[in-house]
Amino acid sequence: MYDITIIGAGVVGALIARELSFYQLKVALIDKDSDVGNATTMANSAIVHSGYDPAPNSLKAKLNVEGNAMFDQLCAELDVNFGRIGSLTLVMEDEQWLVIRQLVDRAKENNVPVTLLSGDEVRQMEPNVNPMVKGGLLAPTAGIVNPFQLCVHAVENAVDNGVNLFLNSEVIGIEKTSDGFSIDLKNGSSIDTKYVINAAGIYSDKIAMMIGDNSFKINPRKGEYYVLDHFGFGFVNHVIFPLPTDKGKGILITPTTSGNYLVGPSSEFVDTRSSLATDMATLKAVRESATQLIPSIPFNQVIRTFSGLRATPSTHDFIISESKVDGHFINVAGIESPGLASSPAIAKYVVNKLIGKQLLLVKNELASRSIKPYIHPLNMDFAAREKLISEHPEFGDIICNCEKISRGEILQTLNRSCPPHSIKAIKKRTRAGFGRCQGGFCQTRVISILADFYKIDPTEVDYDEKGTPVLIEDSKESAK
Ligand SMILES: Cc1cc2nc3c(=O)[nH]c(=O)nc-3n(C[C@H](O)[C@H](O)[C@H](O)COP(=O)(O)OP(=O)(O)OC[C@H]3O[C@@H](n4cnc5c(N)ncnc54)[C@H](O)[C@@H]3O)c2cc1C
C-alpha cells in the first residue's frame, strides 16, 4: 500500500514526487508513456516567466513568482541548464503604451521587477529587433530552462530517494477502497494507495472523472513552433514577446539553453488530445507574426517544427486542491503556462499546504536534494576534455556529429535511476538527434547502443512508445 500515488510524470508530477521524497512516505509515480516528461513538458517555450502577466491574486500569479525565484537553487541541485536572461515585451505602436503601463501596474501588484525602456534602449540591447520599435518592458528575472533535464533529473532525484517509478502504466480506472483507492492500470496490474495526486496534464479531467469529480474540464489548446539551428550566438539575447492578448502571451522569439532559437507558439483550441501535427497555414501565421518583431529571422535555419497542447482549464486558473468528492484525491490540474515556471512552487504548495494538512510529514534524513552531476564534455576546456577522453575514451567517440554528443554521454544516462529506453528518450537527455540532421546520421548508432545495453535485437529498439521500432528487419538477412 502506497501512502501517495502521483498520476502523471510530467514536470509537475516529477517535482511533487521529488518534494515528497524528502519525507518518510511510500510514494509511487506513474505514467502511461514509456518515458517521463513525454507530453506537454517536452513541447513548450521553456521559459521561466517572470510573473508580471498573470491576474493578481490568482494561483498562477502567486506560484509563478514563487517558482521563478526557486530556479537558481533547483537547477544547481539537479544539474539543469538554466539562464536568467530576462524578457523584453515590445511596444510596436504608440497606442500600446496604455497596455504596457497596465502591465507595469500588474507587475507591481505581483511583486515582479520591471523597467520601461525607450525604443533606442531596446535597439541597443537587441540590434535585430524591428527598427520601428517604440519601446519595451524589461523583466530581468525571466529565464530559460531545459525542461527535459528538469523533469528527468527531478525524477532521478526522487527515485534515488526511494520513490517507485512505473512507466507504461496507463490509469484506466480508480476505485474507492476502505483505506484509500485502488488504481487500475491498462497493463493489468493495480496500485493501492491512501492518497492520489492527479497531475495528468491534458487528461487530468478524465482522471478526476474516474472518482466522479466533474468539477472542471480541460480544453486542449495547441501551440505550434519553428526550431532554428544554433546559427549565431546572440541573434536575440532576451525572450522577445509581443504584448499579451486574451489568447495568451503571444508569438515569441527566444534562445534556448542549447543555443537554438524557438519561434512560436500559435494558440488554437483543438478537438483532439492525441494529435500533435503541425500545419502550413498556422506556421505561416506564426512566421508573419514573429517577423513583425524581428524582421530578419533566418527561416532557412529551421530544422524542425513541433507542437504542444496546453491544458487550458474551464476555471481560468490552476486547479490545485482536494477534490470535493474525496479529500484524499488532490487535483493538480489545468497547469497551462506558466506551469513550467511555477512547477517548483506548485510542488511545495501541494506537499506543504495540502498533504501537510492531512499527514504528519516526518523528514527522510537519508534523502538528498541533489543528484550526482553529469559529465558535460562540451562545457570543459580543451585540457580537461583531453584528460577525460584519455581516461574514458568513450567520451571521445562522437555519435551525434551535429550536436557533438559522445557515446560516453549516452552511456552515462543509461546508468542512472531514470534511464532512457527509446531513441527519443536518449534525444531528450543528451541532444543526440536534436541537431540539423535530426538523427539521420546518428540514429543507427543510438539503436546499437540501446540494443547492446538492454541485450535486445536492434529491431526491438523503439523510437518512442512500446511498439514503435525504426528497424523492421535485419537488412543482411532479408538480402539472402
Ligand atoms: C505551447 C506551449 C507553450 C508553453 N510555454 C511555457 C513556458 O514557456 N513557460 C511555462 O512556464 N509554461 C509553459 N507552458 C506550460 C507548461 O509546458 C506546462 O504547464 C507543464 O509542462 C505542465 O506539466 P504537467 O506535468 O502538468 O503536464 P504534462 O507534461 O502533460 O504531464 C502529464 C503526464 O500525465 C501522463 N498521463 C496522462 N494521462 C494518464 C493516464 N491515464 N495514466 C497515466 N499517466 C497519464 C502523461 O503521459 C504525462 O506524462 C507551455 C505549454 C504549451 C503547450
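Worth saying up front: this structure is predicted, and the values here are computed from it rather than measured. Both backbone and side-chain heavy atoms feed into the values below; hydrogens, waters and symmetry mates do not. Residue numbers count from 1 along this sequence. Just so you know, ligand 1 is whichever comes first in the structure, and atom 1 is the first atom listed for that ligand.
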Less than 3.5 Å between some nitrogen or oxygen of H49 and one of ligand 1, yes or no? yes

State if I202 counts as touching ligand 1 under the rule of any non-hydrogen atom under 4.0 Å. no

One residue to check: N64. Relative to ligand 1, which of side chain, backbone, both or neither has a non-hydrogen atom less than 4.0 Å away? neither

For atom CG of N352, decide whether the heavy atoms of other residues, nucleotides or ligands shown that lie under 6.0 angstrom number more than 12. yes

Looking at H376, I'd like to know if its NE2 atom is crowded, meaning that more than 12 non-hydrogen atoms belonging to other residues, nucleotides or ligands lie closer than 6.0 Å. yes

So which protein heavy atom does atom 27 (O) of ligand 1 come closest to, and at what separation? G201 CA, 3.8 Å

Provide the number and element of each atom of ligand 1 under 4.0 Å from a heavy atom of G339. 10 (C), 11 (O), 12 (N), 19 (O)

Residue and atom name of the nearest protein heavy atom (relative to atom 37 (C) of ligand 1), distance in Å to one decimal: A200 O, 3.4 Å

Test ring pair (Phe, Tyr, Trp, His ring centres under 6.0 Å) on F181 and H328; report intermediate values, then the result. CA-CA 9 Å; F181 304 91; H328 287 201; 7.2 Å; no

Salt-bridge criterion met for R273 and D205 (N-O under 4.0 Å): yes

Could you check K60, R310, K222 and say which one makes a salt bridge (Lys or Arg N to Asp or Glu O under 4.0 Å) with E336? K60

Would you mind finding which of K249, K186, K32 brings a heavy atom closest to atom 44 (N) of ligand 1? K32

Check whether any N or O atom of G8, backbone or side chain, sits under 3.5 Å from an N or O atom of ligand 1, and answer yes or no. no

May I ask you to decide whether D35 forms a salt bridge with R429, counting only side-chain N to carboxylate O separations under 4.0 Å? yes

Could you tell me the residue and atom name of the protein heavy atom closest to atom 10 (C) of ligand 1, and the distance to it rounded to 0.1 Å? L340 CB, 3.3 Å

When you compare ligand 1 with I207, is there at least one nitrogen or oxygen pair between them that comes in under 3.5 angstrom? no

Basic-acidic side-chain contact under 4.0 Å: K176, D326: yes

Of the side chain and backbone of A311, name the one, both, or neither that has a heavy atom under 4.0 Å from an atom of ligand 1. neither

Does the pair E322/K357 count as a salt bridge with the N-to-O cut at 4.0 Å? yes

Would you mind checking if E460 and K466 are paired as a salt bridge, meaning a charged N to carboxylate O distance below 4.0 Å? no

Give the residue and atom name of whichever protein heavy atom lies nearest to atom 48 (C) of ligand 1, and the separation in Å to one decimal. D31 OD2, 3.3 Å

If you scan protein heavy atoms around atom 15 (C) of ligand 1, the nearest is S337 N, 3.5 Å

Checking the N or O distance criterion of under 3.5 Å, is ligand 1 in contact with N44? yes

Distance-only, no hydrogens or angles: does the T40 side chain make a donor-acceptor pair with backbone N or O of L309 under 3.5 Å? yes

Ring centre gap for Y226 and F299 strictly below 6.0 Å: yes

Can you tell which part of C151 has a heavy atom less than 4.0 Å from ligand 1: side chain, backbone, both or neither? neither

I7, any N or O under 3.5 Å of ligand 1 N or O: no

Which residue owns the protein heavy atom closest to atom 9 (N) of ligand 1, what's the atom, and how far is it? I47 O, 2.7 Å

Quick one: look at S204 and ligand 1, take heavy-atom pairs under 4.0 Å, and tell me if it's side chain, backbone, both or neither. neither

Is there a polar contact, in the sense of an N or O pair closer than 3.5 Å, between R221 and ligand 1? no

Less than 4.0 angstrom from a charged side-chain N to a carboxylate O is my criterion; do E268 and R221 meet it? no

Counting only nitrogen or oxygen atoms and a 3.5 angstrom limit, does A43 reach ligand 1? no

If you count heavy atoms of other groups shown closer than 6.0 angstrom to CG of D179, is the number above 12? yes

Does the plane of the ring in F148 sit parallel, tilted or perpendicular to the ring in F434? Use 30° and 60° as the thresholds. tilted

Would you check the N or O atoms of V11, main chain and side chain alike, for any that come under 3.5 Å of an N or O of ligand 1? yes

Quick check: does N38 get an N/O under 3.5 Å from an N/O on ligand 1? no

Would P147 count as a contact of ligand 1 if the rule is a heavy atom under 4.0 Å away? no

In the protein, what heavy atom is nearest to atom 25 (O) of ligand 1, and what distance, to one decimal place, separates them? V12 N, 3.1 Å

Could you label the plane-to-plane angle of the F231 and Y261 rings as parallel, tilted or perpendicular, counting under 30° as parallel and over 60° as perpendicular? tilted

Based purely on interatomic distance, does G308 place a nitrogen or oxygen under 3.5 Å from a nitrogen or oxygen of ligand 1? no

closest protein heavy atom to atom 29 (O) of ligand 1 is T41 OG1, 2.6 Å

